[in-house]
Amino acid sequence: MNHRIKLLAGALALACAGGAYAADPIKIGVSGPYTGGSSSMGVSMRDGVRLAAEEINKKGGVLGRQLVLVERDDEAKNERGVQIAQELINKEQVTAVVGYINTGVALASQRFFQDAKIPVFNNVATGSVITHQFKAPEYPDNYVFRNAAHDSIQAPMIVEEAVVRSGYKKVAILADSTNYGQLGREDLEKALAAKGVKAVATEKFNIKDVDMTAQLLKSKEAGAEAVLTYGIGPELAQIANGMAKLGWKVPIVGSWTLAMANYIDNAGPNGSGARMPQTFIQEPNTPKRKAFIDAYLAKFKPKNNRIDSAVSAAQGYDSVYLLAAAITQANSTEGPKVRAALEDLKTPVEGVVMTYDHPFTHDDHDAITSNLVVFGEVKDGRVVYAYPDDIKATAQPRKKNTSASVAAAK
């Protein structure tokens, strides 16, 4: 009898262990800068990711398992991003990672996930090369995906806005010295060349620089009618404030980062009128966006009811739903199966930025095309639509322009 009881107890223990194993959570790494100059983007992204994961978990999770976020602050430092990547792979054994704000950190870190065959979802970093870092034939499969507007989309839009729409033929480029700034500068120069224009001044600055007088004076003396920027909030604010000190008022048109809270707040009135490409503006012009904005404001209570980086929050939120859809379709958390599912998603995913209907293929890992990007403008301490017609236009269902994507790839 005792022997039979022991066997029964053993069988029950195995069953319980098997049940516990089946219900193990799915770990998702979240890497971004939650401190420092890039933090308004990083924190907003992280909070968007948290909101999506919470919603998914309340509905039962993915494959009956809860999502657990393993968050790490990469401090916008390449070396820190590399350390985190190795930790998430070897110690935490994550199924996938979302995040990356800074192009340099992404390029330094994602190679470890590529080698480990773990999907990486860039939901903010925009360097054009990010999704092309691992090309065939050396890499038959690419594990790097993105749902942010890359710089090959943004730079031509910036030039179109300044040179074509506004008619400025003399422009200056001010870009920071990071990979993000210098790769963006190259994209701007290509876009200007396509319009037969060359910048009258091209100036560089470093992260944490507080005096842009020398760069601005060169641009002013060269006769620049507009300033095109590639940098992040704190230094961009120094550009706007430096222009005001010089009494030099020309338009600022730059990459999406002009929407950062630490640009808007640090520049104050001097930052008004700056324009930048945006995939998402905090305007509740669809039921989905209203629900997202309301939930975000209620949960995280940002200052003045303004999401510090609305683009980062929205894209972070959408990236988790895309990843959940891929895991569900794959019926697996194995990296190669999740990658293959992302490349052939069968069911559209309704996000706050767009409806993701076959957003990726094996050879195209960028979800965003130019038709999904509009211009924002800094006004009264927040970002609004630069062109009122875009409010109505973006309220309509939006999907990826696959023909534009194919043309861009070529």
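Counting only heavy atoms from C-beta outward, the side chains of Val352 and Tyr296 never approach each other to under 4.5 Å. Between Ile307 and Phe300 there is no side-chain heavy-atom pair separated by less than 4.5 Å. Looking at Ser332 and Val338, their side chains never come closer than 4.5 Å, going by heavy atoms from C-beta outward. Side-chain contact check for Thr178 versus Ile207: some heavy-atom pair is nearer than 4.5 Å. Two residues are said to be in side-chain contact when any heavy atoms from C-beta on lie closer than 4.5 Å; His365 and Tyr143 fail this criterion. Considering only heavy atoms from C-beta on, Arg306 comes within 4.5 Å of Asp265 through its side chain. You'll find the side chain of Ile281 stays beyond 4.5 Å of the side chain of Val384, heavy atoms only. For the pair Val62/Leu323, no side-chain contact is recorded, criterion being any heavy-atom separation below 4.5 Å from C-beta on.
Salt bridge status for Glu54 with Arg50: absent, with no side-chain N to carboxylate O gap under 4.0 Å. The pair Lys117-Glu334 does not count as a salt bridge, with every side-chain nitrogen at least 4.0 angstrom from each carboxylate oxygen. Between Glu186 and Lys190 no salt bridge is recorded (no basic side-chain N to carboxylate O distance below 4.0 Å). Salt bridge status for Glu161 with Arg275: present, with a side-chain N to carboxylate O gap under 4.0 Å.
A side-chain contact (heavy atoms from CB on, under 4.5 Å) with Leu322 holds for exactly one of Val98, Leu345, Asn123; it is Leu345.
Rounded to the nearest 0.5 angstrom, Met276 CE and Leu236 CG are separated by 9.5 Å. If you take CE on Met45 and CG on Asp308, they are separated by 13.5 Å, rounding to the nearest 0.5 Å. The OG1 atom of Thr229 sits 10.5 Å away from atom CE of Met212, with the distance rounded to the nearest 0.5 Å. Atom-to-atom distance recorded for Thr131:OG1 and His150:NE2 is 6.5 Å, nearest 0.5 angstrom. Atoms CD1 and CH2, from Ile158 and Trp256 in turn, are 12.5 Å apart once rounded to the nearest 0.5 Å. For the atom pair CZ of Arg398 and OH of Tyr356, the computed distance is 9.0 Å after rounding to the nearest 0.5 Å.
A side-chain donor from one of Ser152 and Ser128 sits under 3.5 Å from a side-chain acceptor of the other. Judged by distance alone, the side chains of Glu55 and Tyr317 do bring a donor and an acceptor atom under 3.5 Å apart. Residues Gln182 and Arg185 bring a donor and an acceptor atom of their side chains to less than 3.5 Å of each other. A side-chain donor from one of Asp151 and Tyr230 sits under 3.5 Å from a side-chain acceptor of the other. One side chain, Asp74 or Ser31, offers a donor N or O that lies under 3.5 Å from an acceptor on the other. A donor-acceptor contact closer than 3.5 angstrom links the side chains of Asn102 and Ser38. For the residue pair Asp209/Gln215, the side-chain donor-acceptor check at 3.5 Å is not satisfied. Side chains of Thr394 and Asn285: a donor-acceptor N/O pair is present below 3.5 angstrom, by distance only. At a cut-off of 3.5 Å, with distance as the only test, a side-chain donor of Asn371 or Thr369 sits close to an acceptor on the other residue. Residues Asn179 and Thr103 have side chains that never bring a donor and an acceptor to within less than 3.5 angstrom of each other. Side-chain contact check for Asp344 and His362: no donor-acceptor pair (N or O, by modelled atom type) lies under 3.5 Å.
Nearest heavy atom pair, residue Asn78 against residue Ser109, reads O-OG, 4.4 Å. Of all non-hydrogen atoms in Gly42 and Tyr34, the two that sit nearest each other are O-CE2, 3.5 Å. Residues Asn305 and Gln282 approach most closely at O-NE2, 2.8 Å, considering heavy atoms. Across all their heavy atoms, Gly231 and Tyr180 have their closest contact at O-CE2, 3.5 Å. In plain terms, the two heavy atoms of Thr333 and Ile327 that are nearest each other are CG2-CG2, 4.1 Å. Closest non-hydrogen pair, Asn262 versus Gly37, comes out as ND2-O, 2.9 Å.
Residue Lys220 qualifies as enclosed at atom NZ: its count of foreign heavy atoms under 6.0 Å is above 12. Around atom CG of Asp380, no more than 12 heavy atoms belonging to other residues, nucleotides or ligands sit under 6.0 Å away.
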| task | Apply side-chain contact (heavy atoms from CB on, under 4.5 Å) to Val164 and Val159, showing your working. | result | CA-CA 7 Å; Val164 180; Val159 170; 5.9 Å; no
| task | I would like to know whether Thr213 and Asp211 meet side chain to side chain donor-acceptor pair (under 3.5 Å); could you show each step before the answer? | result | CA-CA 6 Å; Thr213 303; Asp211 185 0; 2.5 Å; yes
| said: Test side-chain contact (heavy atoms from CB on, under 4.5 Å) on Asn122 and Val144; report intermediate values, then the result. | reply: CA-CA 7 Å; Asn122 278 274; Val144 180; 3.5 Å; yes
| task | Take Gln315 and Thr279 through the side chain to side chain donor-acceptor pair (under 3.5 Å) test and state the conclusion after the steps. | result | CA-CA 8 Å; Gln315 291 171 177; Thr279 59; 2.6 Å; yes
| query | Are Phe121 and Ile28 close enough, and set up right, to give a side-chain contact (heavy atoms from CB on, under 4.5 Å), and what steps lead you there? | reply | CA-CA 10 Å; Phe121 221 116; Ile28 307 296; over 6 Å; no
| message | One pair to check against side-chain contact (heavy atoms from CB on, under 4.5 Å): Val374 and Tyr385. What are the steps and the verdict? | response | CA-CA 8 Å; Val374 298; Tyr385 283 89; 3.8 Å; yes
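Checked by atom type and distance alone, the side chain of Asn57 pairs as donor or acceptor with a backbone atom of Leu67 at under 3.5 Å. In terms of modelled atom types and a separation under 3.5 Å, the side chain of Ser319 and the main chain of Gly316 share a donor-acceptor contact. Here the side chain of Arg80 pairs a donor or acceptor atom with the backbone of Asp73 at under 3.5 angstrom. Here the side chain of Gln133 pairs a donor or acceptor atom with the backbone of Leu107 at under 3.5 angstrom.
Here Phe292 and Phe280 bring their ring centres to under 6.0 angstrom of each other.
Relative to the ring axis of Tyr387, Arg165 places its NZ or CZ within 45° and under 6.0 Å from the centre. With Tyr321 as the aromatic partner, Lys288 meets the cation-pi criteria of under 6.0 angstrom to the ring centre and within 45 degrees of the ring axis.
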